[in-house]
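Report on one structure; see the data block that follows.
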2 protein chains.
Amino acid sequence: MPNPEKTETVRDKGQEARPLDAFDRKILGELAVDAGLSYAELGNRAGLSAPAVHERVKRLRATGRIRGTVAVLDGPATGKPFLAFVHVDSTGWGKTQELLALSELPEVEEIHSVAGDTCMLLKVRCASSRALEGLLARLYALPSVKATRSYVVLSTFLERTPQAGITEALEGE
Amino acid sequence: MPNPEKTETVRDKGQEARPLDAFDRKILGELAVDAGLSYAELGNRAGLSAPAVHERVKRLRATGRIRGTVAVLDGPATGKPFLAFVHVDSTGWGKTQELLALSELPEVEEIHSVAGDTCMLLKVRCASSRALEGLLARLYALPSVKATRSYVVLSTFLERTPQAGITEALEGE
DNA sequence: AATTGCTCCGAATGACATTCCTTTCTTCAA
DNA sequence: TTGAAGAAAGGAATGTCATTCGGAGCAATT
């Protein structure tokens, strides 16, 4: 009887634990594009049986490789046609907590801290330019926010979640 | 007998056609967070029966409100811990086609054209800083690419797909 | 060489998606 | 105001698929 709390010499995240064989990566690749596939169909594409695929998917979920399964909504079709990236310059380093409160807003999709000539980077999708202005107003209301630069998206040519593939050629150029 | 090709006075995209009632938005909100919910459970949360929810979801898919269902992969856990946003200045306006070819690379997750002091904005996730360098090399190999500015992500605090909610307060500030 | 643990497959079970049909509510026309 | 027609919801039935179980093959360890 295996003990789930047995001593692990490495942590489960990162790329440790199980190195993701070709089957896993194939499965991840398919599910990242369409999570509605049946296990039987997944098995066909990967060369495994349905139960085997099921087992692997369960493991991929348990180990955090798959964070979840979501429906991808269309921004414009759901009433939010305005997309923008906002760079935020803020004073002090511990003030990121203030910005994290913006997670409450469904308009805010991403919050990163970045290296470069700015501190924080937001991805924001909202109903109108008016709403975008309102969001910027909220930003400037924060005492630590010094300046912002907004990049309003005119056209989106590609937008997808993380893909499973890795281009080896990029490593050796 | 309704004719599926009957004359429409408005196009089906945008926010025309059916204005998304409270049920629809509730369903979209739940599915954007977890698409693995059963229709029965979804019905409970929305206050509808399973078949009714099913009917609506089918319509939301058909009208393009729901673009698809995907598994969200964890970047670091799947071997791509490096995330960066790359601003690209390019000469000429018709040259965006060259950049679109980058869609082939699984490392490139987003390609937008933006207003502001730059032309294109890429979101890139790759295995190493070496790979990021390789990707920049490919960018500069394009004749129309004049300059790039990269913002390497140090920490990601929030990252999600488009949400269904709309903050009304943002419109009136 | 034997054993332990892991992962696969085939079959059986159970849950759930999907469809059909009836009912109700709303809307438009007379 | 009434009548008719369209749309949409709920209940029940059916089919598909997810999920589980048991057994077999394989690899690594002792």
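The chains referred to below are lettered A, B, ... by the order of the sequence lines, with proteins before strands, and numbering in each begins at 1.
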From C/dT7, D/dA8, C/dC9, pick the nucleotide closest to the side chain of A/R56? C/dT7
With a 4.0 Å cut-off, would you call B/E55 and B/R59 a salt bridge? no
Compare the minimum distances between each of C/dT19, C/dC8, D/dG10 and the side chain of B/K58, then state the nucleotide with the smallest one. C/dT19
Expressed in angstrom and rounded to an integer, what is the separation of A/L37 atom CG from D/dT16 atom P? 18 Å
For B/L48 and C/dT24, what is the distance between atoms CG and C1' respectively, to the nearest whole Å? 15 Å
Just N and O in the side chain of A/R59: are any of them under 4.0 Å from OP1 or OP2 of C/dC6? no
Hey, what do you get for CG (B/L121) to CG (B/L99), rounding to the nearest 0.5 Å? 11.0 Å
If you measure from the Lys or Arg side-chain nitrogens to the Asp or Glu carboxylate oxygens, is any gap between A/R149 and B/D117 under 4.0 Å? no
Taking only side-chain N and O atoms of A/Y39, does any of them lie within less than 4.0 angstrom of OP1 or OP2 on D/dC17? no
So that I can tick it off, tell me whether B/D21 and B/K26 are bridged by a salt bridge, with the cut-off set at under 4.0 angstrom between side-chain N and carboxylate O. no
Which is true for A/S49 with a 4.0 Å heavy-atom rule: it touches a base, it touches only sugar-phosphate, or it touches nothing? base
Rounded to whole angstrom units, what separation is found between the CD atom of B/E55 and the P atom of C/dT18? 12 Å
From the set D/dA12, D/dA18, D/dA9, return the single nucleotide nearest to any side-chain atom of B/P51. D/dA12
Using OP1 and OP2 only, check whether a side-chain N or O of A/H54 sits under 4.0 Å from D/dA18. no
Separation of C/dT7 atom P from A/D21 atom CG, nearest Å, is 10 Å
So which nucleotide from D/dA18, C/dC9, D/dG10 ends up closest to the side chain of A/S38? D/dA18
